[in-house]
Structure formats: structure tokens, C-alpha cells
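Data block below; observations after.
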Amino acid sequence: MATHSEVASPQMTEQLDNEEVREILKNTTDLRQYSRQIEKEFKEVENKSIEDYIAESQNIANLHNQINDCDDVLERMENMLMSFQSVLNNISTEITQLQRKSVSMSLQLTNRQSVKAQLSQFIEDMAVSEEMITIIMETPVTERDFSSQLNVLNHKLSLMKELSFKESKSTSDVSDVLHKLRLKAMTKIRSYLLEQIYKFRKPMTNYQIPQNAMLKHKFFFEFILSNERHVAQEICSEYIDTMGKIYYSYFKSYSTRLTSLKFEESCTKDDLMGIEDNASKGLFSKTTSLKHKSTIFTIGKRGDILNQQLEAPIIVPHAQLKNRYTVEALFRSEQYALVDNACREYLFVTEFFMVRGSQAQDLFNQIMGKTLTLMIKNLETSIHDCYDTIAMFLCIHLIFRYQLMCHKRCVPALDKYWDSLQSVIWPRLEHVFRLNIQSIHDCDPTKFNKELGPHYITRRYAEFSAAIVGISEHFPNELVSRLLLELQNEVECFILRMAAIFPTRKDQLIYLINNYDLVLGVLMEHTRDNSKEAEAFREQLNARSNEYVEEILAPHFGGIIQFVKECEHFFEKEQMDELRKQERRSLALVASFSANWKKSLEELNREVLLSFPSLLTGSQLLQLALASLVQYYHRFHKLLTPNARAQLTNIHVVMVEIKKYKSNY
């Protein structure tokens, strides 16, 4: 907008001038005259201005003087300000210099304080007080003051070693005193630790007491180790030798005395599963002579050793001279004693001797190695002639649980020992297991009595299989599963061979059902319902039960069953003419059924219950037979002509009678 005004202004001025010229030309005819008039006016104005200037000359002179005075004042002020500026510049320079000096002095102060602190600490670290000398020389090592000053002495010795490498001259002032104090402290500590170790050798000593005393002063060994390694090695060797002999002596004596508490009559090869019951040293003849020994195929309460009795107090031989124990009970007591002692020993050596990993394992092996070897050899000797499979299997699972217990206590040192024990037991267990399988394979069915009830070999298998399956539930093993399957197949073959000696199919089925039912009942009582063994025998039992039902229904209702099977396909294909052709036959069957069905039910009930020693099994089979009869009866009813159907006994009447035989079991 400003630019536009500047451009428009000359135009407007020119326009005004033109208008004024036009006005002059309009009103005046002589331009020269007009020019003279204007010039005259200019003269008059100029004269008036001069007169005004002359009239005001005094004032102008005064104003000029005042302006000169002001110039002088301003000049003086300018000089003054310039002076102030110069002074301020000088002050700024001084402040900068002072700031630099302050920073420098602060740095010097910091350095001096740092040097003072380090120097004070160094002097304190190097200086040997009279109090330290007195306590190290005269105070017993068990006093708290001695331990406190020993820590200080160890720090001074470490510092002196560090400075000696730097060839520091300050160490020469105190090296002699510190050396003498070190020797004195070493002598007193060595004597104390050896004294504690020698206490282990006293008869009937509770070695936990000296061990706890050593742990209380575990810094003593650290001091010796950092200042005199050969003395530390001497103490360590003395401890290894002492404790190694103590453990070896204790476990050798304990194992020997435990062996005397073993049952005098142990299981032999005559106690295999397939050995006849009337053998010279049979299973049951032996168990009656031992009050507290159950059969070798029945676990009974022996399984408690893996649960409630796992951490029970160990057997004290001299207090149990009149009692006798199973193999696994003695094994548990011995191994639990080892676990308790070995875990405590491992934790002690790792803490006191300050070792970890492979070093801790090596030190532990030096102490316990001879003892562990002895126990492995003792197990090899005792297991060599063992025929008690359940006992050996319990021992293996004791090993699993004790190994897990050691790991929970952060003690991996016994892992190789547990593996060695397993390598001793597994081959023997497999060998005896296969001897049992072979003994069943070699059984001659003709040598046994012809009895329809469960065979004692079947009972042995049922109890044995349930025991093994129950024990291995938490720690399954492929080898055991394979052996159990082989044993199961062999027992099934034996049951079939035994059933074959009976002349009739019904007797064979009764024998099979009694044996399968026994095995299934024992397995379900002691193991899970869905175990592989239980499922296999459940299938066999169901198949034989259905076949048995058909077999016992045939003598009483065989005609109706046969009629249903032969004619049912006519009804399905809607061939009613063929069904009508069978009317005479169906009328005869209806008449026979109406005359004899109640008597047949009574005979059926009596026959089933007498054939099975288990009331529950007999009742279940009877109910299965009656249910099958009702199904056949319904199917028979559908196939009859209206004439024959009218003569058939009402199904409701039959059902009322059947309900009388309903079991309460």
C-alpha cells in the first residue's frame, strides 16, 4: 500500500498544478504581470523572515550557547562511560582469573584429600598395632578377637605380597613383624585344626560336633591356604585319611551286623513261580516257618518302604537282635545311613575346604571311595544268590528315590555309586525274572489237580504282576515292561494249557473265567484300572464270559436261541412266508418254554453260583446270562406268528421272575 501511495502522489501533485495553472489562465490575461506580482510577494515574505530572525537573534545565540554546553556535558559523560567500560573489562578479566584459580585450587584440594585418604588407608593397612601382636601371640584361637585380628593380619599379608612385587620400600619396615605373626598364627591354627581332626578318632565320637567347630572357624583353613599351601595340604590329607578310615570302619561293621538280621531261610531256585506247590522247599511251606515273612510273590506292606518308611530311622542291629528283616529293609537302612552321612560330608568339604565341581568330587571320592567300593562288593555278594525279584525291584526303586533325595540336597557326588548299584542289581533281577518265566513255560499241566477254581500259579502271577506294576508306576522302565509282557504271555498260555485238560467246553470256560477274574481283581486292587495288564485280562474275561453265557443257556433255552439265529434274517428281509412255515416249530418251542422256564431259571442260578468261588463273579455272570436271555426272548417274540405269540408267556411275567435273582453284591 505504501508503494502505491508513493506512485500516486506525483500524479496527484501534477494534477493540482495543472488545475492551478488553468485557474490562473482563466482569471488573468497577462502572465508577466502575474509573475511580477508573485516575485513581489516572495520579497515581502523574505523581508519578514529576516526581520523575524533579527528579532530572535538573541534567543538563537542563547540556544547556540546551550547546545555547546550540552555538547560539553555529553562529551564528559561519554568519557566517563568509556572509563566505566574500561573498569568493567578489567573486573571481568579479574573474575575469569579468579575462577581459574578457584578451579585449580579445588582440583588441588581434591587430589590432596584423595592422597590423604589413600595414604591414611595405606598407613593403617601397613601399620601393625600392639593390640594385634598381643592377640595373635597370646589369645586362644577360639576367641572372637583372634578371628577378627586374623582377618586383619591376612589383609596386611596380602597387601605386603602385592607391594613386594612392585619393590615398594615401605614393606621392609613391617615385613619382619608380619612374617613372625604369620608363623605364630599358622602354628596355633594348625594345632587347633589337627586337634579337631584327632577328635574324630576317639571311639563313640559324634563327629558332627568337631565338624561344626571346624565350620565355625572355616576362615582358619582359608588363611592357611592363602599363606602356606603345604600346611593346608597336610591338614586336608590328615582329614581325608581320618574320615576315610572312620567311614570304612563304620559301614563295614554296620553291614556285617545288618547281615546277621536277615531271614535265615532265603528264597532259592525252588521258589520260582512255576514250581509245584508240593515241592520239597515250596513257597508256602517256607513262609509258615517265618513269622514275619510274606510270600515272595506278594508285596503286602513291603511297598511302604518306598513311601512312609523311606526316611524312617535306620535299623540299630544291637537293639533288634530278635527281629529278622527282608532284603530290601536291610538295603534301605544301609543306603539311608550312607545318604545321610555322605550328603553331610559332601556339604562339609565343599564349605570348609572351599572346593566346587570336579575338585569337590575328587575330594569326596578320596574320603568315601573305599567305603563305596566296599558297599558295592557287599551288594554283589548278597545279590548273587537272591531269588526274591520283588526285593531286588524294591532295592532299585530305593536307589531312584535316594538319588533324587541327594539331588534335592544339592549333592551329585553319589551319582556314579547309584549307577554302580543298579549295574549290580539289574542283571540279577532280569535273570531271576526270566527263570520265573521259564518255570511257567516248563510246567506240566497233567501234574496238577483238576480243580475249576483259580490255580495257585495264577494267584502267584497276579500278586507278583500287581506288585511290579504298582512299584514301577512312578519310575517306568522299558526292560520291566518287556519282561512283564513276556510273563503275561507265558501265564496266558499256561492258563489255556491247564484249561485244555478239562473234557467239556463249559468246564474249560469256568476255569478260564475263574483265573482271569482272579488276575483282574488283584491287578485292579493294587494298580490303576487302565494298566496294560488289566486291560488285557479284562478283554479275555469279557470274551470268555460271553461264551460261557451262551454255553449255560444252551441246555435250557438252546432251541429258542437256535431258532432266533436261523430265522432272524427272514424277518430282516421281510420274508414273512418263510417265518409262517416255521410256525409248528415255534409253537413247540413256546410250549416247552412255558412249561419249563421257571425250573430252568432255578437250575441256571444254582449252576452258576456253584461253579465260581467268588460270589461277586458268579452273580455278575448270572446277571449277564439273564440279560442275554431277555434279549433272545425279545428277538424270539418278534419272529413269532400272531397265533404263537398269543401262547407265549408274557415278557413282564418273565421279568418279574428274573428280578428275584437280582444280586445284592
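Along the sequence shown, the residues carry numbers beginning at 1. In what follows, every heavy atom counts, from backbone to side chain, and hydrogens, waters and symmetry copies are set aside.
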For this session: For side-chain contact (heavy atoms from CB on, under 4.5 Å), just list the numbers for Thr373 and Ile376, CA-CA rounded to whole Å, side-chain angles, deciding distance to a tenth of an Å, and then say yes or no.
Result: CA-CA 5 Å; Thr373 302; Ile376 294 171; 5.7 Å; no

For this session: Could you give me the CA-CA distance, side-chain angles and deciding distance for Lys48 and Asp52, then say whether salt bridge (charged side-chain N to carboxylate O under 4.0 Å, His left out) is met?
Result: CA-CA 6 Å; Lys48 286 181 180 180; Asp52 290 338; over 6 Å; no

Exercise. Side chains of Trp426 and Met392: closer than 4.5 Å at any heavy-atom pair?
Worked result: no

Exercise. Is it true that a side-chain atom of Ser249 and a backbone atom of Lys245 form a donor plus acceptor pair closer than 3.5 Å?
Worked result: no

Problem set entry | Euclidean distance, Tyr250 OH relative to Ile246 CD1, rounded to 0.5 Å | 12.5 Å

Exercise. Got Leu421 and Met375 here, is their nearest side-chain heavy-atom distance under 4.5 Å?
Worked result: no

Seminar exercise, completed: To the nearest 0.5 Å, atom CZ of Phe475 lies from atom CD1 of Ile399 at 11.5 Å

Exercise. Taking side chain as C-beta onward, heavy atoms only, is Trp418 less than 4.5 Å from Val339?
Worked result: yes

For this session: Before giving the answer on side-chain contact (heavy atoms from CB on, under 4.5 Å), spell out for Asn378 and Lys252 the whole-Å C-alpha distance, their side-chain angles and the decisive distance to 0.1 Å.
Result: CA-CA 9 Å; Asn378 288 344; Lys252 182 179 181 181; over 6 Å; no

Exercise. How about Phe352 and Tyr239: are their ring centres within less than 6.0 Å of each other?
Worked result: no

Problem set entry | Point-to-point distance, once rounded to the nearest 0.5 Å, from CD1 of Ile305 to CZ of Arg401 | 11.0 Å

Exercise. Is there a side-chain hydrogen bond (donor to acceptor under 3.5 Å, both in side chains) between Asp69 and Gln66 once you walk through the steps?
Worked result: CA-CA 5 Å; Asp69 292 340; Gln66 289 176 0; over 6 Å; no

Exercise. Donor-acceptor pair, Ser191 side chain versus Thr187 backbone, under 3.5 Å?
Worked result: yes

Exercise. Does Ser104 use its side chain to pair, donor to acceptor, with the backbone of Arg100 at less than 3.5 Å?
Worked result: no

Problem set entry | Arg190 side chain vs Val231 backbone, donor-acceptor pair below 3.5 Å | no

For this session: Check step by step if side-chain contact (heavy atoms from CB on, under 4.5 Å) holds for Lys216 and Asn212.
Result: CA-CA 6 Å; Lys216 186 178 179 182; Asn212 290 336; over 6 Å; no

Seminar exercise, completed: Between the CG atom in Leu484 and the CG atom in Asn477, the distance rounded to the nearest 0.5 Å is 10.0 Å

Exercise. Can you check salt bridge (charged side-chain N to carboxylate O under 4.0 Å, His left out) on Asp340 and Arg344, steps first, answer last?
Worked result: CA-CA 6 Å; Asp340 208 27; Arg344 188 182 300 112; 3.4 Å; yes

Exercise. Is a donor on one side and an acceptor on the other found under 3.5 Å between the side chain of Ser148 and the backbone of Arg144?
Worked result: no

For this session: Could you please spell out the steps behind the side-chain hydrogen bond (donor to acceptor under 3.5 Å, both in side chains) verdict for Gln196 and Gln211?
Result: CA-CA 8 Å; Gln196 297 301 315; Gln211 275 189 340; over 6 Å; no

For this session: For the residue pair His155 and Asn151, confirm or rule out a side-chain donor-acceptor distance under 3.5 Å.
Result: no

Exercise. Would you find more than 12 non-hydrogen atoms of other residues, nucleotides or ligands less than 6.0 Å from Glu39 atom CD?
Worked result: no

Exercise. Hey, is the main chain of Ile38 close enough, under 3.5 Å, to the side chain of Lys43 for a donor-acceptor pair?
Worked result: no

For this session: Evaluate the ring planes of His397 and Phe393, with Trp represented by its six-membered ring, and classify them as parallel (under 30°), tilted (30 to 60°) or perpendicular (over 60°).
Result: perpendicular

Exercise. Does any non-hydrogen side-chain atom of Tyr417 lie less than 4.5 Å from one of Gln335?
Worked result: yes

Seminar exercise, completed: The residue among Glu535, Arg538, Glu533 that forms side chain to side chain contact (heavy atoms under 4.5 Å, CB included) with Leu523 is Glu533

Problem set entry | Flag side-chain contact, heavy atom, 4.5 Å: Ile54 against Glu51 | no

For this session: Could you tell me whether Arg76 and Asp72 make a salt bridge, using a distance below 4.0 angstrom between a side-chain N and a carboxylate O?
Result: no

Problem set entry | Side-chain heavy atoms of Glu334 within contact of Leu330, under 4.5 Å | no

For this session: Measure from the side-chain N and O atoms of Lys188 to the backbone N and O of Ile136, and report whether any donor-acceptor pair falls under 3.5 Å.
Result: yes

Exercise. For Glu228 and His230, does a side-chain donor sit closer than 3.5 Å to a side-chain acceptor?
Worked result: yes

Exercise. Should the heavy atoms of other residues, nucleotides or ligands under 6.0 Å from CD of Gln99 be counted, would the total exceed 12?
Worked result: no

Problem set entry | Backbone N/O of Ser237 and side chain of Asp241: donor-acceptor pair under 3.5 Å | no

Problem set entry | side-chain contact (heavy atoms from CB on, under 4.5 Å) evaluation trace for Leu153 with Gln149 | CA-CA 6 Å; Leu153 176 61; Gln149 292 300 326; over 6 Å; no

For this session: For Glu478, look at atom CD and say whether over 12 heavy atoms of other residues, nucleotides or ligands are found less than 6.0 Å away.
Result: no

Problem set entry | Check: Phe348 ring centroid to Phe364 ring centroid under 6.0 Å | no

For this session: Could you tell me whether the side chain of Tyr53 reaches within less than 4.5 Å of the side chain of Ile60, counting heavy atoms only?
Result: yes

Exercise. Donor-acceptor pair, Ser102 side chain versus Leu98 backbone, under 3.5 Å?
Worked result: no

Exercise. Taking all atoms of both residues into account, what is the closest heavy-atom pair of His526 and Ala466, and its distance?
Worked result: CB-CB, 3.8 Å

Exercise. Do other residues, nucleotides or ligands put more than 12 heavy atoms under 6.0 Å from the CZ atom of Arg201?
Worked result: yes

Exercise. Is the Phe220 ring parallel, tilted or perpendicular to the His217 ring (thresholds 30°, 60°)?
Worked result: parallel

Problem set entry | Test item: Ser333 side-chain N/O and Ile314 main-chain N/O as donor-acceptor pair under 3.5 Å | no

Seminar exercise, completed: Taken to the nearest 0.5 Å, the spacing of Leu81 CG from Ser86 OG works out to 12.5 Å

For this session: Taking atom types as modelled, find out whether Gln361 and Tyr346 have a side-chain donor-acceptor pair closer than 3.5 angstrom.
Result: no

Exercise. Are Leu150 and Ile189 side-chain neighbours, meaning at least one heavy-atom pair lies under 4.5 Å?
Worked result: yes

Problem set entry | Distance in Å, Lys301 NZ paired with Gln309 CD, rounded so as to fall on 0.5 Å steps | 9.5 Å

